[in-house]
Protein chains: 2
Amino acid sequence: MGQQKTAPESGTRESERRRTILRAAIDVFARKGYHGCRIADVAKEAGVAYGLVYHYFKNKDELLETVFETGWSGFIARARAVAESEGPLVEKVRRIADVAFEAYRVDPRAVKVLILEIARSPAGARINRQTAFVDVIRLSAQMFTRAKEAGELRPDVDPLLASALLFGSIEMGLTAFVVGLADARDTAMLERAKAQIADSFLHGVLLGGASASAEPVKPEPAKHELPRGEDPPDVAPLKREKAAPRARAPKRG
Amino acid sequence: MGQQKTAPESGTRESERRRTILRAAIDVFARKGYHGCRIADVAKEAGVAYGLVYHYFKNKDELLETVFETGWSGFIARARAVAESEGPLVEKVRRIADVAFEAYRVDPRAVKVLILEIARSPAGARINRQTAFVDVIRLSAQMFTRAKEAGELRPDVDPLLASALLFGSIEMGLTAFVVGLADARDTAMLERAKAQIADSFLHGVLLGGASASAEPVKPEPAKHELPRGEDPPDVAPLKREKAAPRARAPKRG
DNA sequence: CGGCTGGTTGATTCAAGAATCAGCCAGCCA
DNA sequence: TGGCTGGCTGATTCTTGAATCAACCAGCCG
């Protein structure tokens, strides 16, 4: 009684429908959060019958898990390629930032789900969510260890910590966009953010203080400071969806 | 008809029971996550009848909200005090890192809940969870803006982004402990992490490259590199609790 | 001492929503 | 054309767990 769920057709060409549903899931998760939405929402978003979701995915958890695997595995692969490549640390760090921001550019919703729902919260139980997160950090920690042996790193810098800090910076940088603190439509801002993350990180970590070819990527020196058009949009310019799913009976109102 | 729930006695001396329950909630949330636990778990942990939880808290959400307010407001207050104080940026940044790590030292569980459940996830709907998070970033962004005007910051550094990066680093540094990547019982490691975060961040951001009085706090130059006793504990040394709450009927075999 | 007050109990109620399943229908082969 | 296959449907079932509430008890006051 095998699962005919995966790939009814040839290898990569999994059912069109399955992908539609997955896509819808990403969107809905991004909008309402994993716990804040019901399977019915996903089905509706996909324009598909409720039951069909269960035809393609064992349960809600597997849905999230799949979103995770799909998105994360791609990122890990790219990050690993960079981390294990040859070349100066400076380059690698910049390219890792590239990978992350490119992922965001291509599919912000997916990144949002990855960051908000999966990377942290003990939400979807199943897979090694945390483990996976930890994996990337380990991966890049090795990179730093090698860099350190090669004398590219300040000797007092702990590779593991450095790795954590790099991804912390990247993640929080992205979070700023995800959460709406910064305007994600502002491409220039994205570019600047990416550059600044790599730069800030490197200059603090590299052996030779503020040297090490600071501006290689962006041509403009320092065009605009706070790229958003208006001044700081009060408190939170984020979308602020419906975001109040639970709380059925307010006890004594 | 008013809520006799809060503070049946004098102001600060809220019912002993209430605090017991709150404490239990923090512990259980930290262990299983907000969505992964039932009120019954909290009650059991507190050694208290199920119904009593509802005597002191309107509902599950309010419980999380209270955990949030309790923990976060303290942190914000301290962070604000630092950010708005007089003195060189270097000092302030170091003190902010202090505040965060001190909070962790005092009550790691609470910090875990704050980081994993509240700061990010669209979990507990109610309060401005995200807003609060955003607030701190704004707060420190102002600090950076002023620093920049005072010429303490590289001119090409965006204050908002810098702020995000600082907290990203701090948060991810803490997450490393929260998640078990690093051993939280290793006090030296905590100290080093704190120092390294501030240092790395500053040197990349400050006007004068790698200058600016690097080692003010820690006396030892570079004692141990990877402070954990053993070598990298495979994949994930984290507690790995039960962490598989959902998934009732596995459909077909 | 007897009855009142308010913290405490936990079985019961109830709604949400995950998962199921009995079929429907479109395309295809004989 | 008739019947078969398998993707697809969505009302129905079933489980979970939040929230309620009627009763209980300990101390206290009159």
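Basis for what follows: all heavy atoms, side chains included, without hydrogens, waters or symmetry-related copies. Only a predicted model underlies this, so the values are computations on that prediction, with no experimental measurement involved. Letters go in sequence order (proteins before strands), and every chain restarts at 1.
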Report, one pair per line, the protein and nucleotides 8-14 of chain C atoms (nitrogen or oxygen only) whose separation is under 3.5 Å.
from: C:dT8; atom 1: OP2; to: B:Tyr56; atom 2: OH; distance (Å): 2.7
from: C:dT9; atom 1: OP2; to: B:Ala49; atom 2: N; distance (Å): 3.0
from: C:dG10; atom 1: N7; to: B:Gly51; atom 2: N; distance (Å): 3.1

Task: Partners passing side-chain hydrogen bond (donor to acceptor under 3.5 Å, both in side chains) against B:Arg109 (at least two apart in sequence or in another chain) - done: B:Asp27
Open item on the list: Centroid separation under 6.0 Å, is that true for the rings of B:Phe201 and B:Phe144?
Closed with: yes
- [ ] Please state how far atom CG in A:Asn59 lies from atom P in C:dG17, giving the value in whole angstrom units.
- [x] 17 Å
- [ ] Grab the NZ-C1' distance between B:Lys60 and C:dA16 for me, whole Å please.
- [x] 14 Å
- [ ] Name the orientation class of the two ring planes belonging to B:Trp72 and B:Phe75 (parallel below 30°, tilted from 30 to 60°, perpendicular beyond 60°).
- [x] tilted
- [ ] Tell me whether the guanidinium CZ or amine NZ of B:Lys60 lies under 6.0 angstrom from the six-membered ring centre of B:Tyr34 and within 45° of its axis.
- [x] yes
- [ ] Enter the inter-axis angle for the ends of the helix from C:dC1-D:dG30 to C:dA30-D:dT1 (five pairs per end, rounded to 10°).
- [x] 30°
TODO: Would you please name every residue forming a side-chain hydrogen bond (donor to acceptor under 3.5 Å, both in side chains) with A:Asp41, sequence neighbours left out?
DONE: none
Task: Integer-rounded Å distance: D:dG17 C1' and B:Leu63 CG - done: 15 Å
TODO: Round to a whole Å and report the spacing from CZ of B:Phe57 to P of D:dA18.
DONE: 15 Å
Open item on the list: Taking side-chain hydrogen bond (donor to acceptor under 3.5 Å, both in side chains) as the definition, give me every residue that meets it alongside A:Gln142, ordered by chain and number, with sequence neighbours left out.
Closed with: none
Open item on the list: Does B:Leu63 form a side chain to side chain contact (heavy atoms under 4.5 Å, CB included) with B:Leu22? I'd like the steps, not just the answer.
Closed with: CA-CA 7 Å; B:Leu63 200 46; B:Leu22 203 53; 4.1 Å; yes
Task: A:Arg19 CZ to D:dG7 P, straight-line distance once rounded to whole Å - done: 16 Å
Open item on the list: Starting the side chain at C-beta, find the nucleotide from D:dA18, C:dT20, C:dG17 nearest to B:Tyr54.
Closed with: D:dA18
Open item on the list: Between A:Tyr104 and A:Lys112, is there a side-chain heavy-atom distance shorter than 4.5 Å?
Closed with: no
Open item on the list: Between P on D:dC14 and CZ on A:Arg38, what's the gap in Å once rounded to a whole number?
Closed with: 23 Å
Open item on the list: Without decimals, in angstroms, what is the distance between B:Asp41 CG and D:dT16 C1'?
Closed with: 12 Å
Task: Partners passing side chain to side chain contact (heavy atoms under 4.5 Å, CB included) against B:Arg105 (at least two apart in sequence or in another chain) - done: B:Glu102
TODO: Would you kindly give the NE2-to-P distance between A:His35 and D:dA18, to the nearest whole Å?
DONE: 12 Å
